[in-house]
Number of protein chains: 2
Amino acid sequence: MSPVSEASLWAALADPHRRSIVALLLERPRPVGEIVEACGLSQPSTSKHLKVLRDAGLVRVHQDAQRRVYALDPAPIAALDAWLAPYRALWTTSLDALGRRLDETSDDTDEPSAKD
Amino acid sequence: MSPVSEASLWAALADPHRRSIVALLLERPRPVGEIVEACGLSQPSTSKHLKVLRDAGLVRVHQDAQRRVYALDPAPIAALDAWLAPYRALWTTSLDALGRRLDETSDDTDEPSAKD
DNA sequence: GCTCAATATGCCTCTTCGGTTATATAGCTG
DNA sequence: CAGCTATATAACCGAAGAGGCATATTGAGC
């Protein structure tokens, strides 16, 4: 019944520009032109990103004359939240248990930091 | 705070195999061999995925003889949760406000619920 | 020190993805 | 209907990513 696969949801959000768009639409629905301007991308490129977001079910379109107004659809993000749920226990409930786990497995003072 | 870029976190989780690995490690820390078997991938490919996860800060390694035992690190996932926070309001607090928004912009009848 | 076991890396290929330019479509306006 | 505006789609290209095979590395055991 799920109209969109979780895979396409992750794939959609993997791109930083698309996350920006999603963030923009969190504030309020916007027509394409506005998104183009805000993102600094070309119009075709933006349209493609919007298509990916549409296919992932993350946004909905409302046609208003020649304008297409995009709005966020919360459902897929809620699905993300659901995916996250089992992990949330790691830093809320049993932080100590995990702490022990990491502790006994850390010999490695490595920091993968500063990649990007 | 987060030593690793959000971008690499998303990129890491964008791959379904890597999400599988993360899910495996949620149950318990595992050596590479076990992950290889569970994922059905080749050992080199698995090692590469593990490197990506390491670079994203999602996993930590504990060397045990020749074995490398990988364990989940909750911090980056907590960061994901933080990212999600502003959106969470969409389906918890102001569902009605958003409902109106979607309503007036709906040309498509959708169903929530989406698993992989 | 040699060999085996476990894991990581290098190299190569193939596909996917994101961006660009050019063009098509649809609605408005005169 | 002509022309303009707003957006989508197509064709193309270069870059990145994921998988496979072969090989390097490292620790253990004899």
Side-chain angles (χ1 to χ4, degrees), chain A residues 4-22 24-25 29-71 105-108 110 112 115-116, chain B residues 4-22 24-25 28-71 105 107-108:
Chain A
V4 202
S5 75
E6 197 185 276
S8 62
L9 171 59
W10 282 103
L13 290 176
D15 185 87
H17 285 138
R18 285 194 290 263
R19 286 199 300 277
S20 299
I21 294 177
V22 166
L24 277 174
L25 296 182
R30 301 179 192 252
V32 178
E34 225 175 291
I35 301 173
V36 167
E37 231 184 294
C39 286
L41 283 174
S42 71
Q43 176 268 313
S45 183
T46 306
S47 252
K48 270 199 204 171
H49 284 304
L50 287 171
K51 177 175 176 51
V52 174
L53 291 172
R54 247 184 295 136
D55 290 348
L58 276 160
V59 301
R60 291 164 168 272
V61 207
H62 168 234
Q63 183 143 10
D64 168 53
Q66 321 103 334
R67 297 243 167 91
R68 304 279 191 107
V69 180
Y70 281 80
T105 59
S106 73
D107 55 343
D108 166 3
D110 100 305
K115 274 306 107 106
D116 177 20
Chain B
V4 201
S5 74
E6 196 184 273
S8 62
L9 172 60
W10 282 104
L13 289 175
D15 184 87
H17 285 139
R18 286 195 289 263
R19 286 198 302 277
S20 299
I21 294 177
V22 166
L24 278 173
L25 296 182
R28 66 164 184 275
R30 302 179 193 250
V32 177
E34 226 175 288
I35 302 173
V36 167
E37 234 185 290
C39 286
L41 282 174
S42 72
Q43 176 268 312
S45 183
T46 306
S47 253
K48 274 194 204 168
H49 283 305
L50 287 170
K51 176 176 176 52
V52 174
L53 291 172
R54 245 184 298 138
D55 290 348
L58 276 160
V59 301
R60 292 166 168 269
V61 207
H62 167 233
Q63 184 144 7
D64 168 52
Q66 317 102 337
R67 296 240 167 91
R68 303 281 192 106
V69 180
Y70 280 81
T105 60
D107 50 351
D108 165 17

Query raised in the report: If every non-hydrogen atom of A:Arg18 is compared with every non-hydrogen atom of A:Ala12, which pair is closest and at what distance?
Result: NE-O, 2.7 Å
Requested in this report: Would you mind building the protein contact string for nucleotides 4-18 of chain C? One character per nucleotide, 5' to 3', B for base within reach (heavy atoms under 4.0 Å), S for sugar-phosphate only, - for untouched.
Outcome: --SBBB-B------S
Query raised in the report: Where the side chain of A:Arg54 meets the backbone of A:Val59, is there a donor-acceptor pair that is under 3.5 Å apart?
Result: no
Report task. Five pairs at each end of the helix from C:dG1-D:dC30 to C:dG30-D:dC1: take the axis at both ends and give me the angle between them to 10°. Result -> 20°
Requested in this report: Would you kindly give the NE2-to-P distance between B:His62 and D:dG27, to the nearest whole Å?
Outcome: 13 Å
Query raised in the report: If you look at every heavy atom in B:Ala56 and B:Ser8, which pair is closest and at what distance?
Result: CB-O, 3.7 Å
**Report entry** Donor-acceptor contact present, side-chain B:Arg60 to main-chain B:Tyr70, <3.5 Å
**Finding:** no
Query raised in the report: Are B:Cys39 and B:Leu24 side-chain neighbours, meaning at least one heavy-atom pair lies under 4.5 Å?
Result: yes
Report summary line: Taken to the nearest whole Å, CG/A:Asp55 to P/D:dA8 is 12 Å
**Report entry** Within-4.5 Å side-chain heavy-atom neighbours: B:Val61 and B:Leu50
**Finding:** no
Query - Side-chain touch B:Val52/B:Lys48, heavy atoms, less than 4.5 angstrom - result: no
Query raised in the report: Are the side chains of A:Arg30 and A:Leu25 in touch, meaning some heavy atoms are under 4.5 Å apart?
Result: yes
